[in-house]
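The structure under discussion appears below in the form of C-alpha cells.
Start at 1 with the first residue, then count along the sequence.
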Amino acid sequence: AIHLRPDEKALYLALARTYTGTGYTDEAKNIMDKMLSLEHVSTEEYINVANLYMHLEDPEEATQIIRKAISTNANPDFEKSRDLAYSVLSLGDAPAALKLIQELDANLRTQPCFTILKADVLTANKQFLPAYEALEPAVRQIEFATDGGIYDCGSPLAVNPDILPYSRVGVLCRAAQLQRIIGDLHGALKLTNLAQNLDPTDAVVQSLQANLAFSFANQTRLDSMLEQNNTDTLSPAVVKE
C-alpha cells in the first residue's frame, strides 16, 4: 500500500504500529523516520509518532518529536494544541507545557475551553492558586447560569483517559480539587456539592465527597456513604482514595 501511495502518512503509521505490536522495534522506528521525512506532517501525526515512541520506552526521542510538533504549530488549532500540551505533560516536562500554553495564549484565549487546559498545565507545574484563578470565570458561569446545557466542551481526550473531562462536572471537580490543595475546604465542599447535583454517580465526585468528609472528620457522612454503597460495588476512585 505504501508503494502505491507513498505520501499517505496514515499507512506509515499503521505499519509502524504493526511492527511495534509484533516486536520489530528497529523496523517501527525506521518507518516512522520515513513518515516524518514527508512534507506537511500535521501536529496530530507528530503526536501519534511521539506516543508510539513512548510505547517503545524511548522518551528522549518522543520529546524530540514533540519539539518538532511545537515548532511546526504555526497556526494553532485548539484541539490539536490541547493534545500537544497533554502529550508534553505525559513526557514529564511540565515547564515545556507551560511555555507552550503561554505561546498559545494570544491566539486561543477566547476559546472557552482554553481556561481548562491552562488550569491543568498550571496545576501540573504546582501553580495551584493561578490554576484556580484561571477556572474561576468558568465556575461562576456554571454556578449562576440558568441554561442547564452551558459549558460542555466535548468528549473525553484520546491522549490521556485519566484527564478529567471537558465538561461542567469536570470543571467543578478541577476547581474543588484545587480548593482542597489551597486549603479552602468549605469552598471545595460547595463546588463538590454543585458537581454532585449535576452527576451524583460520577466517580471523581464520590471520591471528593469521601475525602472532604474525612477532612471534616464527618464520621456520620462517611458512614452514610459506606452504607449507601453497601449493596453495590464502591467506586474504584473512592476505594483508591
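The neighbour count for Glu79 CD, taken as heavy atoms of other residues, nucleotides or ligands under 6.0 Å away, does not exceed 12.
The closest side-chain heavy-atom distance from Asp105 to Phe114 is below 4.5 Å. Using a 4.5 Å heavy-atom threshold, the side chains of Asp7 and His40 count as separate. Within the 4.5 Å cutoff, the side chain of Lys68 has no heavy atoms near those of the Gln64 side chain. At a threshold of 4.5 Å between non-hydrogen side-chain atoms, the residues Leu98 and Gln102 count as touching. Phe128 is listed as a side-chain neighbour of Thr123, based on a closest heavy-atom distance under 4.5 Å. Looking at heavy atoms from C-beta onward, Tyr53 lies out of side-chain contact with Thr63 at the 4.5 angstrom threshold. In this structure, the side chains of Asp83 and Glu44 stay at 4.5 Å or more apart for every pair of heavy atoms. Here the side chains of Val205 and Cys173 are in contact, with some heavy-atom distance below 4.5 Å.
Arg168 places no side-chain N or O within donor-acceptor distance of the main-chain N or O of Leu198, the cut-off being under 3.5 Å. Looking only at distances, a side-chain donor or acceptor of Gln206 sits under 3.5 Å from a matching main-chain atom of Thr201. Checking side-chain atoms of Arg17 against main-chain N and O of Leu13 turns up no donor-acceptor pair under 3.5 Å. With Asn125 contributing its side chain and Val121 its backbone, the two residues share a donor-acceptor pair below 3.5 Å. Between the side chain of Gln111 and the main chain of Leu108, no donor-acceptor pair closer than 3.5 Å is present. In terms of modelled atom types and a separation under 3.5 Å, the side chain of Lys9 and the main chain of Glu39 share a donor-acceptor contact. Using a distance-only test at 3.5 Å, with no hydrogens or angles considered, no donor-acceptor pair links the side chain of Tyr132 to the main chain of Ala119. The main-chain N or O of Ala1 is never found under 3.5 Å from a side-chain atom of Arg5 such that the two would form a donor-acceptor pair.
Residues Gln209 and Asn193 have side chains that bring a donor and an acceptor to within less than 3.5 angstrom of each other.
The aromatic rings of Phe78 and Tyr166 are tilted relative to each other, their planes meeting at an angle between 30° and 60°.
Listed here is the closest heavy atom pair of Thr20 and Ala28: OG1-CB, 3.5 Å. Across all their heavy atoms, Ala85 and Ile101 have their closest contact at CB-CD1, 4.3 Å. Nearest heavy atom pair, residue Thr115 against residue Leu135, reads O-CD2, 4.1 Å. Closest non-hydrogen pair, Ser87 versus Ser90, comes out as O-OG, 2.6 Å. When all heavy atoms of Pro6 and Tyr12 are compared, the pair lying nearest together is O-OH, 2.6 Å. The shortest heavy-atom contact between Leu122 and Ala134 is CD1-CB, 4.5 Å.
To the nearest 0.5 Å, atoms CZ (Arg180) and OG1 (Thr192) are separated by 8.5 Å. Separating the CG atom in Leu212 from the CD atom in Gln179 is a distance of 10.5 Å, to the nearest 0.5 Å. The CG atom of Leu104 sits 11.5 Å away from the NZ atom of Lys118 when rounded to the nearest 0.5 Å. Here Ile181 contributes atom CD1 and Lys126 contributes atom NZ; the two are 8.5 Å apart, rounded to the nearest 0.5 Å. Leu89 CG to Ile163 CD1: the interatomic distance, rounded to the nearest 0.5 Å, is 7.5 Å. Between atom CG of residue Leu172 and atom CD of residue Glu143 there is a gap of 8.5 Å, rounded to the nearest 0.5 Å.
Residues Leu84 and Met32 are members of separate hydrophobic clusters, defined by side-chain heavy-atom contacts under 4.5 angstrom among Ile, Leu, Val, Met, Phe, Trp and Tyr. In the hydrophobic clustering of ILVMFWY residues, with side-chain heavy atoms under 4.5 Å counting as a link, Leu36 and Tyr19 come out together. Leu91 and Leu56 fall into different hydrophobic clusters, where Ile, Leu, Val, Met, Phe, Trp and Tyr residues are linked whenever their side-chain heavy atoms come under 4.5 Å apart, directly or through other members. Leu52 and Val88 end up in different hydrophobic clusters when Ile, Leu, Val, Met, Phe, Trp and Tyr side chains are linked at under 4.5 Å. Transitive grouping of hydrophobic side chains (ILVMFWY, heavy atoms separated by less than 4.5 Å) keeps Leu100 and Val49 in distinct clusters.
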Yes or no on side-chain contact (heavy atoms from CB on, under 4.5 Å) for His55 and Asn51, after CA distance, side-chain angles and deciding distance?
CA-CA 6 Å; His55 184 75; Asn51 287 336; over 6 Å; no

Full working for side-chain contact (heavy atoms from CB on, under 4.5 Å) between Leu194 and Leu191
CA-CA 5 Å; Leu194 285 173; Leu191 295 175; 4.2 Å; yes

After noting the C-alpha distance and the side-chain angles of Val204 and Gln177, does the key distance pass the side-chain contact (heavy atoms from CB on, under 4.5 Å) rule?
CA-CA 10 Å; Val204 178; Gln177 289 173 338; 3.9 Å; yes

